[in-house]
Amino acid sequence: MENDDFRKHAHHFVDWMADYMEGVGNFPVRSQVRPGDVLEKLPLQPPVNSESMDEIFTDFKNTILPGITHWQHPNWFGFFPANSSGPSVLAEMLITTMGAQCMIWETSPAATELEIRVLDWLRQMLALPEGFQGVIQDTASSATFCAVIAAREKALKGMGNEQGLAGQKNKLVIYASEEAHSSIEKAVLMSGLGRDNLRKIPILDDYSLSIDHLRAAIKEDREQGKIPAGLIACLGSTSVGAVDPIVEMGEIALKENMYFHVDAAWAGSALILPEYQGLIGEAMGVDSFVFNPHKWLLTNFDCTAHFVKNEEDLTSALSILPEYLKTREGKDVRDYRDWGIQLGRRFRSLKLWFVLRSYGVAKLQEFIRNHISWANKLANKIKVEKNFELVTKPSFSLFCFRWIPFDQLKQNIPRCQADDGFLTKEAEIIVDQLNDKLLQAINDDGRIYLTRTVVGKRVAIRFSVGSQNTTEAHVDEAWKTIKEIAGKISIN
Ligand SMILES: *Cc1c(COP(=O)(O)O)cnc(C)c1O
């Protein structure tokens, strides 16, 4: 491409980008295409001759855009947010233009040194202990995988890497709650520890890990000659936002000499608010902590902040140094390739730098605080609604609810409530179906977007506030939309 053409198209695209950001609320939130719709419009063969950027861009608008689910939509209340923001997008433009591959210090010293600095800014913002060192990983899943490998190698004194697991006498065990994210199970599988050696610890009424059950499980495993190698806490579970007792788990990890990793992928961003920092106390016993600025801190995917107490736990498990990667500076500099899975690395610290400077800590705090406050206000409203139930109270900016249309139930099911007032089993099954129906109707409608979950075996609908374009008015309007759509659904 000629540079003049690049300049022309880039200006044009930037106009499109600004228009998109402004008008994203006009799209249906969830893409309304059917499976195969996009594929069908794409030619089977690659183009032999060059096509003009105008043609390509037209196809982008006509073929691709309808197949996009608009995560930046102000009515995004699904999953968790995946924030984008002006400063972050601007940084991405520069990053991608330079196209630097930042695997080691020498391949772009600024990338490494900026990463060290901005991650320490984040560490301070979250009030993690001094001395914790940060690295940007692509995803929380990768960070958790690295933590499990570090746990494995710490327990085996590096022998897992040397001899493999087949030759080890004692089985290693990783502990996490039943509520923990699927990435933990995946990490246990990938690290070769085996699913049988992931102990899923029962949870309490607030969905947090039961310390008593954890203690009992560790004791039982030790008696069977197994080695408790790793403990993983959840700070803000995906389904309901559960928060494990991190301070107590840290004490156990210290006493039992277990590697302790905290998965705060989503809710970690809320720790920039002093009122939440008590959840991790002094981080005693914590070896590793992960959260995603790419979820709820205005930084485009991908950008996962991973902090470790002892960098050697990570680097000794993951470092390999072939001849072609040896450089003059050697140990005088930090080579982040030793801190994660992949060799190649994008220059992700730049967007974090742009975001942190452009907003400043105070604005970021306000951003998170607003979401939490709006979620709480709506949850309080739902609590007193006749035909809705607040299933889980807000954890940060996430709560779950379900629709229970009593009038319809009474008309259709002779005995829908037991003497104690609870729904009968028969009614519960119908209510599950109705909530699935409601959720699909909401997402098909396109004005708002929500995600399903199951809480205590019953279908519930999650409501998660976190899009950078959401205002309190959007939250209020979303509630009206939910009620309106529910009003059109009948049991039959
Ligand atoms: C989102 C999430 C993850 C996975 O994050 P990725 O960055 O997509 O790998 C892990 N744990 C929790 C609690 C999450 O909410």
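Both counts, for ligands and for their atoms, begin at 1 and track the order of listing. Computed from a predicted model, the values in this text were never measured in an experiment. Residue indices begin at 1 and follow the sequence shown.
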Self-check item: Step-by-step side chain to side chain donor-acceptor pair (under 3.5 Å) determination, H261 to T144
Solution: CA-CA 8 Å; H261 173 65; T144 295; 3.0 Å; yes
- Steps toward salt bridge (charged side-chain N to carboxylate O under 4.0 Å, His left out) verdict (E113, R334): CA-CA 8 Å; E113 295 184 10; R334 181 174 291 179; over 6 Å; no
Salt bridge (charged side-chain N to carboxylate O under 4.0 Å, His left out) assessment of K154 paired with E312
CA-CA 10 Å; K154 201 174 173 203; E312 299 78 24; over 6 Å; no
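Looking at E185 and K200, a side-chain N of the basic residue comes within less than 4.0 Å of a carboxylate O on the acidic one, giving a salt bridge.
Near F80, the atoms of ligand 1 lying under 4.0 angstrom from a non-hydrogen atom of the residue are 15 (O).
When non-hydrogen atoms are compared, ligand 1 lies under 4.0 Å from neither the backbone nor the side chain of T144.
The shortest contact between atom 4 (C) of ligand 1 and any protein heavy atom is with H181 CE1, 3.5 Å. Nearest protein heavy-atom neighbour of atom 11 (N) of ligand 1: D263 OD2, 2.7 Å. Scanning the protein heavy atoms around atom 6 (P) of ligand 1, the nearest turns out to be A140 N, 3.6 Å. Remark: minimum distance from atom 1 (C) of ligand 1 to any protein heavy atom is reached at K295 NZ, 1.4 Å. Counting only heavy atoms of the protein, atom 9 (O) of ligand 1 lies nearest to S141 OG, 2.5 Å.
Between the side chains of S208 and D244, no donor N or O sits under 3.5 Å from an acceptor N or O.
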